[in-house]
Structures are given as structure tokens and as C-alpha cells.
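The structure appears right after this line, and notes come after that.
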Protein chains: 2
Amino acid sequence: MDRDKELREVGLRVTVPRLKILRVLEAGARRHFCAEDIYRALLDEGEEINLATVYRVLTQFEAAGLVTRHKFAGTHSSFEIDSGQHHDHIVCVRCGRVDEFVDKTIEARQEEIARRIGYEITDHALYLYGICAKCRVEGEQERIETAPG
Amino acid sequence: MDRDKELREVGLRVTVPRLKILRVLEAGARRHFCAEDIYRALLDEGEEINLATVYRVLTQFEAAGLVTRHKFAGTHSSFEIDSGQHHDHIVCVRCGRVDEFVDKTIEARQEEIARRIGYEITDHALYLYGICAKCRVEGEQERIETAPG
DNA sequence: CTAGTTGCAAATCATTTGCACTTGC
DNA sequence: GCAAGTGCAAATGATTTGCAACTAG
């Protein structure tokens, strides 16, 4: 809520661009945004912002621990407000929808595997890609509508 | 061994650049290369090749199922000869070493999670990042050598 | 012969950076 | 006031592409 405070607490000055970007990130409808998404969202609201600033601010937010950066398949980075609790992602390859999940068993196995191979884990990335329920239904309807005969 | 055949079998014409690149990929010392790696390796051997060609050929190899493309943390794509058997990767953040592993439990959990959330998995990426045994030892020695007193 | 390939140079795309100006504290 | 932040335009780095010349089948 109190975004001024949120920024100060992580050691960042409160500036207009940072507040705008933070507002978009916390808006609620979505949790994952690439820099362009945020840039466009603000322009669409009639807010002025520079894309380079969006990139700079997101990088600072990441360094400050406010957001987490993800590299899903494809070209650009995706950012989400850091909820504090680790989780992994499943991404719909049709519509881009992103869902989150946590799995203790997988986490444990990862540690186990790393130990066996002789690594000390510093980080990990687990992305599942697939087709979400909604997209599967839509695909099915299309097939029916365009069916021959 | 018979790279001519290998190329023909996946429907690709046998050309000099493709043979050179395939040779590097199969060389054995390493299994994971980015386009630059292959380009440099060939130049170092005194072979002529164009970087754009390396990129084009790798993309064709991927489409033909000869190689798999990975996006480890960082900027460039990494390619490896497709062994046919799925596996995941653990990457050393110090030296870039890449190890491979397979874990049935993790695979099974992924399917389970996807089903629960309503997705039909098409692909997945699991990358563990850490420090390999060798790099940990080196780091330890350095600390001793530069220790005060 | 001729469609597929290559090399080269120029283009792209996401992201970063230099710099002069502006703003937060 | 002054360091930090911003906008703009130009630079970057990995990868791609247009095109004319070249080769595999």
C-alpha cells in the first residue's frame, strides 16, 4: 500500500517513475511483466515514462530484493513482485498465462542431486511449459467449428 | 562417425560447413557449446567458417533433432548433441562446467503438478546453478593463501 | 541445372549506457 | 546544494536476414 515506505525500506529514493512502476507491479490482475508490459501499461494509462527508465528501475528493484527476474522461454525477462516465498512456474505456451507452484519433494531432490554430483546449489530455475486448461478448450472448439463435413 | 550419413538421415544436405560444425559438436572433450564456442574452435583449428553460418546451421540441426538448445542463465544459447535421452542440467556459476542428470521422481512430480493446475506439459527446463567441487576447493585455497597474518 | 547454402554486411531486438538536465532529501 | 535519478539518443551484444555468389545432388 504505502509505496513510499516500501521504497525507503529497501534503501531507494522515492521518485515519480519508481512509484509508477511499483504501482503497475502491484496492480493485482497480473503478477508477471516484462519491461515492455510495464512501459505500455503506463502509456495506456496516460502516464509518461521512458523505457530505459523502466529497465533501470526494474534492475534496481531486483538488486533491492523488491522483484524477482525470470527468464522464461523466449526473448525478454519477466519480473514479479518478490512475495518472499520461493516458488516455480508453469507457463502456457499459447496464451502466456503464468501459474506458480511449490513442491517440497522436487526441492529436496534437487539438493540431493547436487550433493551427489558435488555441487553446492546457489540458485535454480524450474520452468514447466504447457497448454493451460482454457487454451485446450478453445483449441478443441476451433477443431469442431472448422471440422470438414 | 559417419557424419555424411548422419546428416542425410535427418534430411540435410552434406556441406562442408555442416560437417565442420558437427565434428566440433561430437569432439568429446565437451558437450555444451554456444555458437561462439564452435566458431572459435574452428578458427583455432585453422578452419574457415562464418559466424552467421554457425547460427544458421545450429538452428537447422535443432529443427532436425540433431542438437538440443539450452538457455542457461546468461545471454547466449548453448547447444549439445541430442543423445536421445532426456536429462536436466547443473551448471557451475564459477567455471561454466555443465553436468547432466536425470531424476525420475522430479519428472513424475512435474507431471503431477501440471495435471493438478490443469496444464498439459509440452516441455520443461530445469537448471540448477551452483559451485562445483573443483571450484570450491580452489576458492578454499585462495582464502588460505591470502589469509591475513 | 537449380534449389539449397554460404559469406558478408546490414538489420533486429532486448537491453544498456553516456551525458546533460532534473529532482529528492 | 549536490548526489542520485531521468530522458533521450546512441551503443551494445547476441542473433537474424537480404542478397549475390557458390555448391550439392
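Quick caveat, the model's predicted, so the values are computed rather than measured. Chain letters run A, B, ... following the sequence lines, proteins first, then strands; residues in each count from 1.
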Integer-rounded Å distance: D/dT16 C1' and B/Arg69 CZ: 11 Å
Between D/dT15 (C1') and B/Lys71 (NZ): distance, integer Å: 9 Å
Interface residues of residues 49-58 of chain B with DNA chain D (non-hydrogen, below 4.0 angstrom): B/Ala52, B/Tyr55, B/Arg56
B/Asp4 CG to D/dA24 C1', straight-line distance once rounded to whole Å: 11 Å
side-chain hydrogen bond (donor to acceptor under 3.5 Å, both in side chains) partner of B/Glu80, the single match among B/Arg69, B/His87, B/Arg30: B/His87
Heavy-atom donor-acceptor pair, B/Thr122 side chain to A/Tyr129 backbone, under 3.5 Å: yes
Check against side chain to side chain contact (heavy atoms under 4.5 Å, CB included), B/Arg13 and B/Arg18: CA-CA 9 Å; B/Arg13 279 193 186 183; B/Arg18 298 218 255 243; 3.6 Å; yes
Spacing between B/Glu36 atom CD and D/dT15 atom C1', to the nearest angstrom: 11 Å
Cationic N near anionic O, under 4.0 Å, B/Glu26 to B/Arg3: yes
Evaluation steps, side chain to side chain contact (heavy atoms under 4.5 Å, CB included), between B/Ile90 and A/Ile113: CA-CA 9 Å; B/Ile90 181 161; A/Ile113 289 160; 5.5 Å; no
B/Leu25/B/Leu66 under side chain to side chain contact (heavy atoms under 4.5 Å, CB included): CA gap, chis, key distance, verdict: CA-CA 10 Å; B/Leu25 285 166; B/Leu66 271 183; over 6 Å; no
Rounded interatomic separation in angstrom, taking CD1 from B/Ile38 and P from D/dT15: 11 Å
Sorted by number, the residues of residues 74-82 of chain A with heavy-atom contact under 4.0 Å to DNA chain C: A/Thr75, A/His76, A/Ser77
Lys/Arg-Asp/Glu bridge criterion (N-O < 4.0 Å) met for A/Arg31, A/Glu100: yes
salt_bridge(A/Lys20, A/Glu45) N-O dist < 4.0 Å: no
Inter-end axis angle, the helix from C/dC1-D/dG25 to C/dC25-D/dG1, with every axis fitted to five base pairs (rounded, 10 degrees): 30°
Interatomic distance where CD belongs to A/Glu48 and P belongs to C/dT23 [whole Å]: 12 Å
Nucleic acid contacts - residues 11-25 of chain B versus DNA chain D, non-hydrogen atoms under 4.0 Å: B/Arg13, B/Val14
Partner residues of A/Arg97 under the side-chain hydrogen bond (donor to acceptor under 3.5 Å, both in side chains) criterion, sequence neighbours left out: A/Asp99
Of all pairs that satisfy ring-ring contact (aromatic ring centres under 6.0 Å, His included), the ones with a partner from residues 21-66 of chain A, not counting sequence neighbours: A/His32-A/His89
B/Leu42/B/Ile21 under side chain to side chain contact (heavy atoms under 4.5 Å, CB included): CA gap, chis, key distance, verdict: CA-CA 8 Å; B/Leu42 286 171; B/Ile21 292 167; 4.1 Å; yes
Gap between atoms OH and P, on A/Tyr39 and C/dC13 respectively (whole Å): 16 Å
Atom CZ of A/Arg136 with >12 non-hydrogen neighbours under 6.0 angstrom: yes
Donor-acceptor under 3.5 Å (B/Tyr119 side chain, A/Val91 main chain): no
